[in-house]
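Each remark here refers to the structure printed beneath this line.
These numbers come from a predicted model, not from an experiment. The sequence lines fix the lettering, A, B, ..., with proteins before strands; numbering per chain opens at 1.
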There are 2 protein chains.
Amino acid sequence: MRSHCYADGVPRKVDVEAQRAGIAAAVLRLAARSGLEAVSLREVAAEAGVSMGRVQHYFRTKEEMLLHGVRLAMRRMETRIADRLRRLPDEVGEEQVLRAAIDEVLGDHPETRQVIRASVAYYARAQENAEVFEVLFGDDAVLHDLAAHVVRTAQAEGRAPAGLDPEQEARVVWSLADSLGIKVAFGQTSSEQAMATMRYHLDRVLGCEAHPGV
Amino acid sequence: MRSHCYADGVPRKVDVEAQRAGIAAAVLRLAARSGLEAVSLREVAAEAGVSMGRVQHYFRTKEEMLLHGVRLAMRRMETRIADRLRRLPDEVGEEQVLRAAIDEVLGDHPETRQVIRASVAYYARAQENAEVFEVLFGDDAVLHDLAAHVVRTAQAEGRAPAGLDPEQEARVVWSLADSLGIKVAFGQTSSEQAMATMRYHLDRVLGCEAHPGV
DNA sequence: GCTTTTACGATGCGATCGCATTGACATGGG
DNA sequence: CCCATGTCAATGCGATCGCATCGTAAAAGC
């Protein structure tokens with residue numbers, strides 16, 4: 001009746017990754033709620049409902065624990081976007097991928113807002129810790145290229161207005177999504193308002209189409 | 001030969017506001033450098049080069065000190081924008097005001113970056129502390145109205161493309177400025193790159209004109 | 001001139017911090 | 001069966017935390 005019982009009677013070790021993920025989830029909740037100041041080993045242990053010794057067993061230092069926390073945040077975001085794509089009819093184009101990612105960022109699901117708030121809490125640390133910087137911003141180039149390609153496709157199909165610079169438009173789109181996502185996560189704006197603004201902008205750049213969400 | 005000597009031999013009290021500002025400046029430096037986690041009474045005292053007793057004398061609690069810090073940040077930003085306007089030829093229109101504010105946000109002057117990084121460090125606290133929220137985001141409505149009005153003017157003068165929604169465009173412009181400003185402050189993007197993106201966008205919304213800066 | 005107020009510096013308190021150590025217990029391999 | 005290993009809970013350490021208190025020296029008020 002221990003929490004780390006074995007599955008199917010197969011005698012095995014404790015699921016290390018699951019334990020780490022449980023603790024990292026507590027880190028995320030605390031960071032999202034009150035910033036990194038509130039993240040101490042004792043608080044994390046209490047939030048995760050485990051002993052402090054357990055936390056220290058799975059993370060050698062606080063730094064390592066924090067890094068694992070922000071990694072979990074990004075992984076969750078990717079998972080949620082992938083789930084969203086899976087719910088769409090098959091054969092999604094790149095524009096659907098872009099729109100799904102933006103929808104996720106601007107949505108008001110509590111977990112999304114938690115991840116975004118936690119990410120912002122890590123910003124200061126990203127300046128001093130290259131690994132945190134990489135986790136937070138490492139995927140930006142891929143997302144940028146995705147947006148730029150979508151713009152180019154819209155141009156090729158004649159849906160986009162003339163004279164657009166796909167590279168600059170990509171920067172605008174993601175900057176907009178970032179900023180609106182943060183505003184939603186911190187309660188400055190409603191999710192609906194942010195999605196309306198995003199849809200307004202995308203309609204002018206990619207042409208007006210019927211889309212679920214933004 | 002004390003640091004709080006009187007000016008002109010006039011026996012007066014210590015300049016309370018100057019003392020508080022000096023301490024708040026230290027708070028800003030620490031928050032910008034390493035986040036609010038690094039802001040303790042002892043660290044602030046050391047950074048400001050004063051005793052801990054002095055810090056406690058001018059701020060009854062840490063909370064009050066932090067609030068004064070973020071107020072100083074916003075005040076500095078406004079001052080820097082006002083200075084920028086004063087350097088322009090007189091009779092500035094509202095569009096110049098908007099552009100000056102955006103220029104300041106995207107500029108790579110160390111003090112601007114410090115203020116932006118410090119502001120981001122306060123985001124988590126803004127959720128729990130209504131006063132911090134007000135200081136950080138209280139001016140947003142004014143800035144929004146400014147941008148919307150500038151867009152409307154550009155429309156009236158026939159410089160803007162047809163079919164623009166000034167309210168939405170205002171949201172886009174400020175979201176863009178916020179996001180790019182943060183990216184510059186945290187070293188994700190160069191100031192030049194951010195200004196180029198901003199100029200690119202403004203040219204499409206307000207019409208292309210020759211402007212200093214963005 | 002004497003008291004009150006202002007402006008600190010210094011020090012101490014209890015709580016909490018990250019981290020290291022220790023030991024109990026359980027498991028699987030030899 | 002024994003022991004190496006993995007998995008923790010418990011505890012203690014030195015440092016640091018925010019804050020309260022105390023003492024002092026100087027100016028302000030009477």
Side-chain angles (χ1 to χ4, degrees), chain A residues 1-24 26-27 30-31 33-69 121 125 128-129 132, chain B residues 1-24 26-27 30-31 33-69 121 125 128-129 132:
Chain A
M1 261 317 170
R2 306 279 296 281
S3 65
H4 54 287
C5 289
Y6 307 136
D8 322 306
V10 181
R12 305 226 50 238
K13 303 239 218 89
V14 171
D15 184 343
V16 175
E17 277 320 304
Q19 293 281 358
R20 297 183 122 223
I23 295 168
V27 171
L30 288 172
R33 193 184 309 147
S34 318
L36 285 192
E37 324 160 51
V39 181
S40 72
L41 297 184
R42 285 163 180 81
E43 277 293 314
V44 169
E47 174 73 27
V50 303
S51 75
M52 197 176 145
R54 187 122 117 206
V55 175
Q56 284 190 272
H57 178 70
Y58 286 105
F59 298 103
R60 295 208 326 282
T61 64
K62 184 187 181 182
E63 189 72 24
E64 187 186 326
M65 181 184 75
L66 290 176
L67 180 60
H68 204 264
R125 195 159 284 253
E128 299 169 330
N129 186 318
V132 172
Chain B
M1 261 315 167
R2 306 280 296 279
S3 65
H4 51 286
C5 289
Y6 307 137
D8 327 305
V10 180
R12 307 232 46 242
K13 300 238 219 90
V14 171
D15 184 342
V16 175
E17 278 320 305
Q19 293 281 359
R20 298 182 121 225
I23 295 169
V27 171
L30 287 172
R33 193 184 309 146
S34 317
L36 285 192
E37 325 160 50
V39 182
S40 71
L41 297 184
R42 285 162 179 81
E43 277 294 314
V44 169
E47 174 72 27
V50 304
S51 75
M52 198 176 143
R54 186 121 120 205
V55 174
Q56 285 190 271
H57 179 70
Y58 285 105
F59 298 102
R60 296 207 325 280
T61 64
K62 185 188 180 181
E63 190 72 24
E64 186 187 327
M65 181 184 77
L66 291 176
L67 180 60
H68 204 264
R125 196 159 282 254
E128 299 169 331
N129 187 319
V132 172

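- Between E64(A) and R20(A), at least one side-chain nitrogen of the basic residue sits less than 4.0 Å from a carboxylate oxygen of the acidic one, meeting the salt-bridge criterion.
- Rounded to a whole Å, the CD atom of E37(B) is 15 Å from the C1' atom of dT16(D).
- Residues M52(B) and V44(B) are not in side-chain contact: their nearest non-hydrogen atoms beyond the backbone lie 4.5 Å or more apart.
- Per the geometry, NE2 belonging to H57(B) stands 19 Å off P belonging to dT11(C), to the nearest Å.
- A salt bridge is absent between E47(A) and R42(A): the closest approach of a Lys/Arg side-chain nitrogen to an acidic carboxylate oxygen does not fall below 4.0 angstrom.
- Taking all atoms of both residues into account, the shortest heavy-atom contact from H68(A) to E17(A) is NE2-OE1, 3.9 Å.
- Between E37(B) and R125(A) there is a salt bridge, since at least one side-chain N of the basic residue sits less than 4.0 Å from a carboxylate O of the acidic one.
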For a quick check, with a 4.0 angstrom heavy-atom cut-off, what is the B/S/- contact string for nucleotides 17-22 of chain C, read 5' to 3'?
BBBB--
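- Remark: P of dA7(C) and CG of D15(B) are 10 Å apart, rounded to the nearest angstrom.
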